[in-house]
Amino acid sequence: MLDARCNCGALTLTLPGSSKLVVACHCLDCQRRTGAPFSVGAFYPVDAVAISGTPKQFSRDAASGAKVHSYFCPNCGSTVHYRGGNFPDVVAIPLGALDDPYIANSPDYSVWERRKHDWFDIIDEDVERTD
Ligand SMILES: [Zn+2]
Ligand SMILES: [Zn+2]
């Protein structure tokens with residue numbers, strides 16, 4: 001069983017095992033949300049994830065026009081999941097929130113690479129990249 005939680009432990013998630021889809025995103029919204037130069041999310045079917053605790057929700061407009069919703073701990077501020085955009089049936093867990101964040105050797109996709117920092121590269125040639 002793989003689980004996830006916020007920094008303070010007020011929010012915990014029970015996950016159905018390893019994710020089949022891991023996506024790195026270099027967009028500016030992800031950079032702002034995380035405070036990091038890119039985000040990495042492990043995706044799961046939305047009804048396969050059990051959440052305990054009460055997250056606060058923040059919704060924003062994505063570039064596609066769809067809403068993206070982030071759920072974060074009102075106590076410590078960690079985002080524990082986000083969803084929406086073009087993929088309403090899945091939920092993304094930030095890789096760093098997982099009890100074992102080392103589940104993936106590399107992401108399956110690297111998106112918004114036009115916003116990627118020049119000093120950073122994913123060395124795995126098999127990663128699917130979009131600009
Ligand atoms: Zn917390
Ligand atoms: Zn992004």
Side-chain angles (χ1 to χ4, degrees):
M1 188 76 76
L2 183 69
D3 294 316
R5 66 174 179 88
C6 67
N7 248 356
C8 78
L11 301 178
T12 58
L13 288 78
T14 305
L15 307 171
S18 264
S19 169
K20 291 180 175 57
L21 177 66
V22 175
V23 179
C25 182
H26 307 274
C27 85
L28 291 178
D29 287 320
C30 283
Q31 293 192 38
R32 193 175 299 281
R33 176 179 63 75
T34 59
F38 58 96
S39 75
V40 186
F43 285 76
Y44 292 89
V46 70
D47 36 357
V49 176
I51 298 150
S52 70
T54 308
K56 201 162 166 24
Q57 177 181 332
F58 171 72
S59 300
R60 66 173 174 82
D61 294 315
S64 65
K67 290 275 184 200
V68 174
H69 313 285
S70 305
Y71 299 86
F72 58 95
C73 176
N75 184 47
C76 73
S78 310
T79 298
V80 290
H81 61 114
Y82 52 99
R83 57 185 290 197
N86 297 323
F87 307 100
D89 300 330
V90 292
V91 57
I93 316 299
L95 209 59
L98 300 175
D99 287 347
D100 179 8
Y102 302 99
I103 54 164
N105 292 324
S106 58
D108 300 295
Y109 292 88
S110 172
V111 302
W112 278 94
E113 285 216 337
R114 83 191 79 150
R115 295 296 196 182
K116 187 176 71 58
H117 289 258
D118 288 339
W119 49 260
F120 173 75
D121 266 320
I122 298 169
I123 52 177
D124 186 341
E125 303 272 320
D126 293 332
V127 176
E128 189 91 28
R129 297 156 202 268
T130 61
D131 204 32

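In listed order, ligands and their atoms are each counted from 1. Any value given below was found using the heavy atoms of this structure, including those in side chains, with hydrogens, waters and symmetry copies removed.
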Minimum side-chain heavy-atom gap Asp29-Val68 below 4.5 Å:
no
Taking all atoms of both residues into account, what is the closest heavy-atom pair of Gly9 and Thr12, and its distance?
O-CG2, 3.8 Å
Does Arg60 CZ have over 12 foreign heavy atoms under 6.0 Å away?
yes
Sorted by chain and residue number, which protein N/O/S atoms are under 2.8 Å from the Zn ion (ligand 1)?
Cys6 SG, Cys8 SG, Cys73 SG, Cys76 SG
Under a 3.5 Å distance rule, please check whether [X] uses its side chain to pair with a backbone N or O of [Y] as donor and acceptor.
X: Arg33; Y: Gly35; value: no
X: Tyr44; Y: Gly17; value: yes
X: Thr34; Y: Ser39; value: no
X: Arg114; Y: Asp131; value: yes

Joining Ile, Leu, Val, Met, Phe, Trp and Tyr whenever any side-chain heavy atoms lie under 4.5 Å apart, the cluster holding Leu21 also takes in Val23, Phe43, Phe87, Val90, Tyr109, Val111, Trp112
Quick one: side chains of residues 119-128, donor-acceptor pairs under 3.5 Å with protein atoms, not counting sequence neighbours, listed by atom name and distance.
| from | atom 1 | to | atom 2 | distance (Å) |
| --- | --- | --- | --- | --- |
| Asp121 | OD1 | Lys116 | NZ | 3.1 |
| Asp124 | OD1 | Asp126 | N | 2.8 |
| Asp124 | OD2 | Ser106 | OG | 2.6 |

Note on the Zn ion (ligand 2): protein N/O/S atoms within less than 2.8 Å are Cys25 SG, Cys27 SG, Cys30 SG
